[in-house]
Each structure stands twice: as C-alpha cells, then as structure tokens.
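Read the numbers this way: they start at 1 and go in the same order the structure lists the ligands and their atoms.
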Amino acid sequence: MYYKEIAGVKVSALGMGNMRLPTVDGQENRIEKEKAREIIDYAMSHGINYYDTAYRYHGGESERFIGEALKKYPRESFLLASKFPGHMMVKKEGGVVGFTSGLAGWPDSTVEGVFAEQLEKCQVDYFDFYLLHNVNEKSLAIYDDEELGVVAFVERMKAEGKIRHLGFSSHAVSPATIDDFLTRHEGVFDFVQIQLNYLDWKLQDARGKYEVITKHGLKVVVMEGVRGGRLAQLPEAQTARLREARAGDSAARWALRWLQSLPEVAVVLSGMTTLEQIQENVETFAAPDPVSEAEKAMLAEVADSMLSWVPCTGCRYCTEGCPMELEIPKIIAAYNGVKNGDFMARYDLDRAGEAMDARRCVGCGACAGICPQGIAVPEIMEELPQLMKAPRR
Ligand code: SF4
Ligand code: SF4
C-alpha cells in the first residue's frame, strides 16, 4: 500500500468505502456481518487506514457495523470518516431537522443530536474526518441556514476535538457551486470528496470540480472511481480495447490507474463487496502505476463512446422511497443495455419479475428528487417499455 497526505495526516491511497458491503438477500439494511468483517480485517492487515461511512449508508446500519468491526483495533490505527446528512434534510420549527420524503419513519432530530448519535453508533470519541454530505445546489438550503448553523457547529466540534479534519462531499451539478462554498468558508475544510473517474471527467465535469478544489489548495477524496462497478464491466468493444493495450489488467484496474495519475487525489474510496475485489484493489495500490499520456488519451476515447449512457452509479438512494418497490438501478442498467443493443439486457428484462417492470412506475417522482446524479428516472420508466417493443438492432 502506498500513502498520501491530507493536512499532514498519512492516509492510504486506497480507502474502504462502507456503502456497498455484502448484504443478506440483497436487503440494503441487512449487512452480512461475517463476510463484511472479513473484508475489514483484510483491509486492516493490508495497510488500508481510511474508512468512510455516512449516516444513511445501508439504511443507517453502515456506521453501526463499522463501529463494531473496528472496535478491536487500537483507535489510532485507523482513520474514520463519516458524514452529516444535510442533503436529505428539511428544516422544521425551532432548529429541528427532519428527513426528506422517501425516508418516512426516520425521526426528527437536531444537528447536535445527529452528530451525537453518529459518535455513539461508531463507538468512537472523535471522527478523524467529518464531512457535510453532498453539498449541492439543493442542499445549500440546509448547509447555509443560519439558524441551523451546521458549518459553525462542525467547526465547534473540531475545536472541542470531536472532529480532527473537516471536509464535504459533493454531487453538485456545477463546479461553481463548490468554488462558491469553499470561498465563503475559506480555511474551514481540508478536503473535498467528489465523484471522479475517467468517464465523469467530461460527463459530469469532474475535471472542473477537481480544478476548483485544487485551486483552493485542498486534497481530493474520490468516490465512484469505477462508477458503481460500471467501469469494471465495460461493453465488449471497450473491453477489447483495454485488453489489447495491457492484456492482464482488468477494466477496474484501468480506472484506478487513471486516478493514480491525478496528483492531488489523496484517497480513492472503493465500496468493496467481496474479498476478491479488495484483494485486486490492494494489489493495484501496492505502488503507484499511473497511466501514461497515451493511455489517458485512449481512456478518453473509451469514455467518449459511452457518453450517451444514463449515469446511474447504483447508489440506491432512490429505492427506499419508491412506493412500487422497483429495482430502479437495475432497471436503468437494463435500459442502458437495451439502448446500446445489448441482447442479454432485453432477454433478462423479458423474464424479470415485478420489481423490474418499468410499467408499474406511477410517476410519483420521489426517485428523481433524491437522485444525486439528477437522473430523470420517471422518463426512463416511461421510455423503457416502448424501447422493448421496438425491433431488435
Ligand atoms: S417515479 Fe416511479 S420509479 Fe420513481 S419512485 Fe415513483 S414509482 Fe418508483
Ligand atoms: S437512479 Fe440515482 S439515486 Fe437511484 S441508484 Fe441510480 S444514481 Fe443512485
């Protein structure tokens, strides 16, 4: 494992993301603890010291799990990062915050109450890194609210030693939103976590975001480096191209090596679900092996050939609030397949059950309202049945 730095802290170049842990029967909030613990133990014994979670990952169970899994290790042997869930909150009377629609059943709280709950669930006295979750054009209503005072609160927690370093994650549409937030809070944050990979460099202007963050002298923590697995499983034509360039390397390794070529990237988070994934990733991060300029140009061409795809990362924020219990990310993956002439995607959809039947969508829009990628899910649900009727290409 090689290491980089955030504000003088030595961080492993590969970080363990805790939003895609193995689950029981695919149920989001039921982590398969034994398997997940094996992954954490493997990470700890192979030099990974950065562990990222958030209030809402795995329906709130991720923080609890990682707290249990890391408890047996000395506190100074790992760096724990969690996030304040302002992007999913609405302000109520008297400094109270509630959760947005789609998170029915989550009790109202206060900014202080949420933070105290997080420390307790993670079984720690302090967070090494604490982030405001998804500062974007919509969530600024919470993060900029003077009465709630979220930024002032986290600064106070830092002064009291309950937070060592502050950052924020962002799925903002525009780099200017990040720039403006950093300018208004100059000196508060040490790093920003963004969705960064060779496809989003252009598709979601990750390049503009990277440039804004580094202009402020801050480090970048990467999420969705392989785009929720999509860059690990490329269509055949793109896979063949990569194979020709370096026979033994997987598509995931190409995506991670591309990230290694960005000097201000400190940690690349990977939401690793299996031991095989973490084994391969640990190998990829044994020593830096950045892509060459020629390889970078080739990956840019591979990305250009995929720009028309719907950019779902499979984060599943949308599924919890769907009244029809549709498997939205799987449907979108199938939609991408059908649109790109993938015969198997059609075949699979033809035989899928109710949860994959886009015709059952009632168009309520709860999914689109919560999607960090801004995907117009109801439009896809409407279009997919028509596409299925169209002749095969
Ligand atoms: S618009 Fe359709 S897919 Fe989205 S939450 Fe409503 S029913 Fe589910
Ligand atoms: S549609 Fe949006 S919220 Fe749902 S899984 Fe995809 S990226 Fe996540």
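Proximity to Arg316 (heavy-atom distance under 4.0 Å) selects the following atoms of ligand 2: 5 (S), 8 (Fe). For ligand 2 and Pro372, the ligand atoms under 4.0 Å from any heavy atom of the residue are 3 (S). Proximity to Thr313 (heavy-atom distance under 4.0 Å) selects the following atoms of ligand 2: 7 (S). Counting atoms of ligand 2 from 1 in the listed order, those under 4.0 Å from a heavy atom of Pro329 are 5 (S). Short contacts between ligand 2 and Gln373, defined as distances under 4.0 Å to a heavy atom of the residue, involve ligand atoms 7 (S). Proximity to Ile332 (heavy-atom distance under 4.0 Å) selects the following atoms of ligand 2: 1 (S). For ligand 2 and Cys371, the ligand atoms under 4.0 Å from any heavy atom of the residue are 1 (S), 2 (Fe), 3 (S), 7 (S).
Under the rule for a side chain to side chain donor-acceptor pair (under 3.5 Å), the partners of Ser250 that lie at least two apart in sequence or sit in another chain are Glu280.
Here the protein heavy atom with the shortest distance to atom 8 (Fe) of ligand 2 is Cys315 SG, 2.3 Å.
Protein N/O/S atoms found under 2.8 Å from atom 4 (Fe) of ligand 1, listed by chain and residue number: Cys367 SG.
Under the side-chain hydrogen bond (donor to acceptor under 3.5 Å, both in side chains) criterion, the residue pairs touching residues 13-24 are Arg20-Glu224, with sequence neighbours excluded. A side-chain hydrogen bond (donor to acceptor under 3.5 Å, both in side chains) check over residues 4-14, counting only residues at least two apart or in different chains, returns the pairs Ser12-Asn49.
With a 4.0 Å cut-off on non-hydrogen atoms, Thr319 does not touch ligand 2 at all.
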